[in-house]
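To start, the structure itself, in structure tokens.
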Amino acid sequence: MIVLCSLVLSAMMLVTAGVVWVTQTEQGLRFAAAQAQDWVNSNSDQQLEFGRFQGTLWRGFDLEFVRWQQENTQVEAEQIRIAVDWSRLLDQMIRINTLSARVVRIDSPPTENDDPLVIPDRISVPVDLDLHQLRVQQLLINGEELKSLSAKVSIQSEQLSVHHFSLNVRDTQIDSSVEITLAKPYQITGEVNARRELDDLLLNAQLAATGSIERLELALNAKGENISKPDQTQNVQANAVLTLLGSNPFETVRLNAENFDPSNWLEGAPHASLAIVATVEPNDDFSESTGNFSIRNARPSTVQSGGLPLSLIQARFNLSLKEQRPEQLDLWVDELRLAEGKRQAGSANATIQWRAPKQLDHQDDSLDVLAGDMNFDIKTNNIDASVLARLPQRLALTSMIQGTKTGTQVRVERLQVRDRQAELLGKLQIDLVDKVPLDTQIELRKINPANYVPDAGPFLQGDLNGTASFTGVLIQSGKAGAVDPVGEIIVDLMNSRLANAPLKLLAKAHRGYVALD
């Protein structure tokens, strides 16, 4: 019995000595890391590599780098600092005073995963965690750079808390906090603040979230403020209810914006001062959603000047779902006005009806919106296209365009465009396949080409009357984005003038052969 006790005591002393050696010495830490690295590399499809250690597990240590890879996913961190307070371990609490890295790189290419997302009833951790200070100087995710990440994280009693989260993304400072209960329905309370200085404009946005992963209420309040020019202050308010696990991702969305300038918020967007009101409301079973929106622009200007020539648009829509997929969309643009400053540049209205393509059982279940069928009816009244593109003079286009899209075929059954005395009538049929078959007929009445071609010379001054048609295909040419028509072209111009001279022309071209009369 004495011998057995002595053996047990000796074993305990050896284990204690081993634990002390691993936790209290640098050599022990390196040994433990080497063993972990060898075990992972030998017993899994993962690859793990540690750099040089300095310090101890008990007092804290610095790590030169760590690299981990599994298939196409790679994670690498450099100049890491870890300091753990082990005094609360007996209370089942791990307190990490410091976890920092100079650079963290995460490369994970997107993959197609058809497995449905399964939310567990609860997420349990063996011990509570208190991460007092998390810092990453530079975070690269698939090449996208994020700077100055910091946060305080804790997990206690099935409650995840993230406080003092801070991050800089493309010169935008983001601060947030969130608390999540790690059990269904996963109650969530959080807020996100974003701040950015753009020239003389200070942009601030606050997003508050309350509810659960099953039903989350969001409230957005954004402001763009110019301290020296209070009249240019921009305000945007939006409210939404998300149902991420339901058949429809949201219950309702409401948006209200004042003096909104898209160029301040979106790179490459036009300058404008928009007042936006929008509402989207689904029915009880989320099979149908109706909505409307109105946009007014206090400072309409031309596209060429980097502005938005829209002064007003009012529209309605109805969206129907079938088996959680878009089945039908009706859009009515009741009124659309164009302008440049106070100068009106015409109006338009439109009706568009879209129907989803029929899906066969053996086909891919993914939805291609462009594969659906469509009816469209567009009318314009005295549109001045000079606000949209550079033209020799102002126009007054009154037009009617009616057509359909069925499968890959687009038909314009009625095309009528008038510019004062000039008129163009036509029909068109085009198939959206490889060689793009095209069949079009056009009638010209009192068309002066010089009115529509920038920097037109005297040769283009004229009065064209007659017909033109093309039957053939459009083939990609050697130049990027250009196509060549291959087929039969017939031009019949009677009682016309060009370059201030009478013109009578009958021309036919077929695969490079041209006949003139």
Side-chain angles (χ1 to χ4, degrees), residues 234 236 238 253-263 265-266 268-281 289-319 328-355 369-370 372 374-391 393-405 410 412-420 422-426 428 452:
Q234 306 173 42
V236 177
V253 175
R254 290 183 175 86
L255 174 67
N256 185 22
E258 299 176 2
N259 300 327
F260 180 70
D261 188 344
S263 65
W265 303 84
L266 303 173
H271 297 282
S273 178
L274 305 180
I276 305 173
V277 178
T279 302
V280 180
E281 295 182 341
S289 297
T290 60
N292 59 80
F293 59 90
S294 171
I295 302 175
R296 296 180 182 272
N297 185 8
R299 296 198 299 269
S301 58
T302 64
V303 172
Q304 304 91 294
S305 63
L308 182 66
L310 176 73
S311 64
L312 170 67
I313 181 172
Q314 292 181 329
R316 300 168 288 124
F317 69 87
N318 184 287
L319 173 65
Q328 176 177 324
L329 173 64
D330 295 309
L331 173 65
W332 300 273
V333 180
D334 297 321
E335 186 175 10
L336 184 151
R337 299 180 196 167
L338 299 181
E340 178 189 5
K342 295 182 178 181
R343 179 178 73 87
Q344 298 299 311
S347 62
N349 59 72
T351 300
I352 299 175
Q353 297 175 315
W354 176 87
R355 302 296 180 265
V369 175
L370 296 180
M374 184 185 303
N375 296 329
F376 52 90
D377 184 351
I378 303 171
K379 298 180 178 67
T380 69
N381 183 36
N382 291 327
I383 291 289
D384 184 353
S386 65
V387 301
L388 304 171
R390 189 172 68 88
L391 295 171
Q393 60 177 293
R394 294 176 179 175
L395 308 179
L397 298 179
T398 297
S399 64
M400 178 180 296
I401 305 173
Q402 295 175 337
T404 62
K405 176 188 176 296
V410 178
V412 177
E413 298 165 351
R414 183 176 182 181
L415 173 63
Q416 180 180 6
V417 182
R418 294 180 179 177
D419 175 23
R420 290 176 278 266
E423 186 174 17
L424 183 149
L425 305 174
L428 178 148
Y452 312 104

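Both backbone and side-chain heavy atoms feed into the values below; hydrogens, waters and symmetry mates do not.
- Between Arg394 and Asp419, none of the side-chain N atoms (NZ, or NE/NH1/NH2) sits under 4.0 Å from a carboxylate O, so this pair counts as no salt bridge.
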Report the C-alpha distance between Leu329 and Asn318 in whole Å, list the side-chain angles of each, state the deciding distance to 0.1 Å, and finish with yes or no for side-chain contact (heavy atoms from CB on, under 4.5 Å). CA-CA 6 Å; Leu329 173 64; Asn318 184 287; over 6 Å; no
Derivation and outcome, side-chain contact (heavy atoms from CB on, under 4.5 Å), residues Gln402 and Glu413: CA-CA 6 Å; Gln402 295 175 337; Glu413 298 165 351; 5.6 Å; no
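- Taking 4.5 Å as the limit, some side-chain heavy atom of Leu336 sits within range of a side-chain heavy atom of Leu310.
- For the pair Lys379 (side chain) and Ala350 (backbone), a donor-acceptor distance under 3.5 Å is absent.
- Pairing each heavy atom of Phe317 with each of Asn292, the nearest pair is CE2-N, 4.2 Å.
- A donor-acceptor contact shorter than 3.5 Å links the side chain of Asn297 to the backbone of Leu308.
- Smallest separation of non-hydrogen atoms from Phe293 and Ala278: CB-CB, 3.7 Å.
- Summarising the geometry of Gly307 relative to Pro270, their closest heavy-atom pair is O-CB, 3.5 Å, with the distance given to 0.1 Å.
- Annotation: side chain of Asn349 is not in contact with side chain of Asp334 (no heavy-atom distance under 4.5 Å).
- Proximity of Leu255 to Val277: side-chain heavy atoms (C-beta onward) are nowhere separated by under 4.5 Å.
- Taking both residues in full, the closest heavy atoms of Phe376 and Thr404 are given as CE2-N, 3.6 Å, listed atom of the first, atom of the second, then distance.
- With hydrogens and angles ignored, the 3.5 Å screen pairs a side-chain donor or acceptor of Asp261 with a backbone N or O of Ala272.
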Apply salt bridge (Lys or Arg N to Asp or Glu O under 4.0 Å) to the pair Asp384 and Arg343, showing each step before the final yes or no. CA-CA 10 Å; Asp384 184 353; Arg343 179 178 73 87; 2.7 Å; yes
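- Using a 4.5 Å heavy-atom threshold, the side chains of Thr302 and Pro309 count as separate.
- Minimum interatomic distance between Leu397 and Ala385 (heavy atoms only, all atoms of both residues): CD1-CB, 4.2 Å.
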With side-chain contact (heavy atoms from CB on, under 4.5 Å) as the criterion, how do Val412 and Ile401 come out once you've worked through the C-alpha distance, each side chain's angles and the decisive distance to 0.1 Å? CA-CA 7 Å; Val412 177; Ile401 305 173; 4.1 Å; yes
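- Within the 4.5 Å cutoff, the side chain of Tyr452 has heavy atoms near those of the Leu395 side chain.
- Residues Arg316 and Asp330 are not paired through a salt bridge, judged by the lack of any N-O separation under 4.0 Å between the basic side chain and the carboxylate.
- In terms of heavy-atom proximity, Gln304 sits nearest to Leu388 at OE1-C, 3.8 Å.
- Judged purely by atom type and a 3.5 angstrom limit, Ser294 has no side-chain atom pairing as donor or acceptor with the backbone of Gln314.
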Glu335 vs Leu312, side-chain contact (heavy atoms from CB on, under 4.5 Å): CA-CA, chis, key distance, verdict: CA-CA 7 Å; Glu335 186 175 10; Leu312 170 67; 3.9 Å; yes
